[in-house]
Enquirer: 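Take this structure, written in structure tokens, and hold onto it; I'll ask about it next.
FYI, the numbering just counts along the sequence from 1.
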Amino acid sequence: MPVLPWAARRPLPDPVKGAVRAAADLAGQATRGRRALPGALLAGAQRCGTTTLFRALLQHPGVLGPTLRKGVHYFDTGYGRGLDWYRGRFPTRRAVRAAGGGAGAVVCESSPYYLFHPLCAERIAADLPGVKVVVILRDPVERAYSAHAHETARGYESLPFERALEREEERLAGAGELLASSPRARSHHHQHHAYLARGRYIDQLLRLEKHLGRDRLHVIDADPFLADPERHLPALEEFLGLPHHGGIRFGRHNARPRAPLPPALRRELAARFEEDDARLAGWWGRTPSWRDRPERR
């Protein structure tokens, strides 16, 4: 079965997409011994431009993604299925060697829950020794508001934004213990209702650093990167061990319309993230772009 680049395929009706994926997954399992594991992961953060960045990366002739999907969600919600199941979702090693004009390819997937899930860093380190992890971040206030619109549109949220923020701590109580109880454990609230917690980036990055090492992490500030990708893309290509490719075009994907965030609420939330952003700046060695704006000073 030929494997098309994920970003190049035209959207299919959901029933057709499901049937095609099921057939591809069966073929992948039958040939899993000949398939490659990823050398890179785009681990998040959610609603920070992960889909845009992933689709752009797949335009590089030296990058291949999983079969018929953006992400596999193995290290977060699918870990109980086992490594062979995960391997079956990727291209064959022969296809990887042939990619990039015969120079080989970096296999990559994008699952934005990997950054926030408390067990993913340890699992990634155990199963993918040497993997490189890319993280893209944006203003955590905008991220939280965008995530609420996203979860509401998907039918996972019924509360208005401010009420959801009030309920967040209650909703997330006990989620860590639940997720640690079994490789198959899942927490709906942790995955879909962590609007503020997901924006405390520094603790998530420190967890990755603990298990993977700082040199295997590449952190991107979304706004300056997406505003001028030609300037910033070469650093990412170098991190992934790829030659520069000038033909990559960045679109805008998964954006959802929403009313402007009230200025008073924006200021309140920015203040709540101030300490975490300061810790992030110290670790990162740079001030995040959202903290360098005049209204934040």
Enquirer: Do L217 and F75 share a hydrophobic cluster, counting only Ile, Leu, Val, Met, Phe, Trp and Tyr and linking them when any side-chain heavy atoms are less than 4.5 Å apart?
Expert: yes
Enquirer: If you draw a 6.0 Å radius around CD in E162, do more than 12 non-hydrogen atoms from other residues or ligands fall strictly inside?
Expert: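 Open: at most 12 neighbouring heavy atoms sit under 6.0 Å from CD of E162.
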Enquirer: Given the rule that I, L, V, M, F, W and Y join up when any side-chain heavy atoms are under 4.5 Å apart, are F90 and V131 in one cluster?
Expert: yes
Enquirer: Might you confirm whether atom CD of E157 has over 12 heavy atoms from other residues, nucleotides or ligands at distances under 6.0 Å?
Expert: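 Yes, CD of E157 has more than 12 neighbouring heavy atoms, counting only those of other groups under 6.0 Å.
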Enquirer: Could you state the interatomic distance from OG1 (T52) to CZ (F225), rounded to the nearest 0.5 Å?
Expert: 10.5 Å
Enquirer: Under a single-linkage definition using a 4.5 Å side-chain heavy-atom cutoff for Ile, Leu, Val, Met, Phe, Trp and Tyr, are Y114 and L179 assigned to the same hydrophobic cluster?
Expert: no
Enquirer: Is a donor on one side and an acceptor on the other found under 3.5 Å between the side chain of Y201 and the backbone of D276?
Expert: no
Enquirer: My understanding is that only residues two or more places apart in sequence, or in another chain, count here; which of them pass side chain to side chain contact (heavy atoms under 4.5 Å, CB included) with L26?
Expert: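 With sequence neighbours excluded, L26 shows a side chain to side chain contact (heavy atoms under 4.5 Å, CB included) to no residue whatsoever.
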Enquirer: How are the rings of F116 and H190 set to each other: parallel, tilted or perpendicular (split at 30° and 60°)?
Expert: parallel
Enquirer: Quick check on R258: does its CZ atom have over 12 non-hydrogen neighbours (other residues, nucleotides or ligands) under 6.0 Å away?
Expert: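 Above 12, so yes.
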Enquirer: Decide if atom CD of Q29 counts as having more than 12 heavy atoms of other residues, nucleotides or ligands within a radius under 6.0 Å.
Expert: yes
Enquirer: Distance from E166 atom CD to R163 atom CZ, nearest 0.5 Å?
Expert: 5.5 Å
Enquirer: For a quick test of reading the model, state the closest non-hydrogen atom pair linking G65 to L58 and the distance between them.
Expert: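 Heavy atoms of G65 and L58 come nearest at N-CD2, 3.5 Å.
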Enquirer: Strictly by ring pair (Phe, Tyr, Trp, His ring centres under 6.0 Å), give each pair with a member in residues 18-42 just once, sequence neighbours left out.
Expert: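 Applying ring pair (Phe, Tyr, Trp, His ring centres under 6.0 Å) to every pair that reaches into residues 18-42, excluding sequence neighbours, yields nothing.
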Enquirer: Are L212 and L119 grouped together when hydrophobic residues (ILVMFWY) are joined by side-chain heavy atoms under 4.5 angstrom apart?
Expert: no
Enquirer: Would R154 and E151 count as a salt bridge (charged side-chain N to carboxylate O under 4.0 Å, His left out) if you check the C-alpha gap in whole Å, the side-chain angles of each, and the deciding distance to 0.1 Å?
Expert: CA-CA 5 Å; R154 297 170 73 198; E151 302 297 353; 3.6 Å; yes
Enquirer: Could you tell me whether the side chain of S146 and the main chain of E142 form a donor-acceptor pair under 3.5 Å?
Expert: no
Enquirer: Is the distance between the ring centroids of Y156 and H150 under 6.0 Å?
Expert: no
Enquirer: Are the side chain of E237 and the backbone N or O of H245 linked by a donor-acceptor pair below 3.5 Å?
Expert: yes
Enquirer: Do R93 side-chain atoms and R35 backbone N/O form a donor-acceptor pair below 3.5 Å?
Expert: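 Answer holds: yes.
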Enquirer: Grouping I, L, V, M, F, W and Y whenever their side-chain heavy atoms are under 4.5 Å apart, do L178 and L172 come out in a common cluster?
Expert: no
Enquirer: Should we say atom CZ of R167 is surrounded by more than 12 heavy atoms from elsewhere, each under 6.0 Å from it?
Expert: yes
Enquirer: Counting N and O atoms only, with roles assigned by atom type, does the side chain of Y145 sit under 3.5 Å from a partner on the main chain of A259, one being a donor and the other an acceptor?
Expert: yes
Enquirer: Do you know the tightest heavy-atom contact between E109 and V72?
Expert: OE1-N, 2.7 Å
Enquirer: Does a donor on one side chain and an acceptor on the other come within less than 3.5 Å for D127 and Y79?
Expert: yes
Enquirer: Within this structure, what is the CZ-OH distance for the pair R47 and Y195, rounded to the nearest 0.5 Å?
Expert: 11.5 Å
Enquirer: Nearest 0.5 angstrom please: D223 CG to D292 CG, how far?
Expert: 12.0 Å
Enquirer: Report the residues that fulfil side chain to side chain contact (heavy atoms under 4.5 Å, CB included) with T77, sequence neighbours left out, ordered by chain and then residue number.
Expert: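 Testing T77 for side chain to side chain contact (heavy atoms under 4.5 Å, CB included), a comparison that skips the adjacent residues, returns H73, Y113, R186, Q191.
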Enquirer: Quick one: sort the W85 and Y74 rings into parallel, tilted or perpendicular, breaks at 30° and 60°.
Expert: tilted
Enquirer: Check F54 against P66 and note the closest heavy-atom contact, atom names and distance.
Expert: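 Smallest interatomic distance, heavy atoms only, reads CZ-CD, 4.0 Å.
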Enquirer: Please examine the side chains of T152 and H148, heavy atoms only from C-beta on, and report whether any two atoms are closer than 4.5 Å.
Expert: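 Heavy-atom side-chain distance check passes, below 4.5 Å.
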Enquirer: What distance separates L269 CG from L165 CG, expressed to the nearest 0.5 Å?
Expert: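 Separation between the atoms: 6.0 Å.
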Enquirer: For the backbone of Q46 and the side chain of R143, can you confirm whether one donor and one acceptor N or O come within less than 3.5 Å of each other?
Expert: yes
Enquirer: Counting only N and O atoms by type, is there a donor-acceptor contact under 3.5 Å from the side chain of R184 to the main-chain atoms of G80?
Expert: yes
Enquirer: For the side chain of D76 and the backbone of H117, is there at least one donor-acceptor N/O pair under 3.5 Å apart?
Expert: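 It does not hold such a pair.
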Enquirer: Looking only at non-hydrogen atoms, find the nearest pair between A222 and I136 and report the distance.
Expert: CB-CG1, 3.7 Å
Enquirer: Check the side chains of W290 and D277 for a donor-acceptor pair under 3.5 angstrom, ignoring hydrogens and angles.
Expert: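 There is such a pair between these side chains.
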Enquirer: Might you point out which heavy atoms bring L64 and A95 nearest each other, and give the distance in Å?
Expert: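 Where L64 meets A95 most closely, the heavy atoms are CD1-O, 3.9 Å.
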Enquirer: At what distance, to the nearest 0.5 angstrom, does CZ of R279 lie from CH2 of W284?
Expert: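 Between R279 CZ and W284 CH2, I get 15.0 Å after rounding to 0.5 Å.
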Enquirer: Tell me which one of V106, I248, L240 satisfies side chain to side chain contact (heavy atoms under 4.5 Å, CB included) with H60.
Expert: I248
Enquirer: Does E274 use its side chain to pair, donor to acceptor, with the backbone of A270 at less than 3.5 Å?
Expert: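 A pair under 3.5 Å: no.
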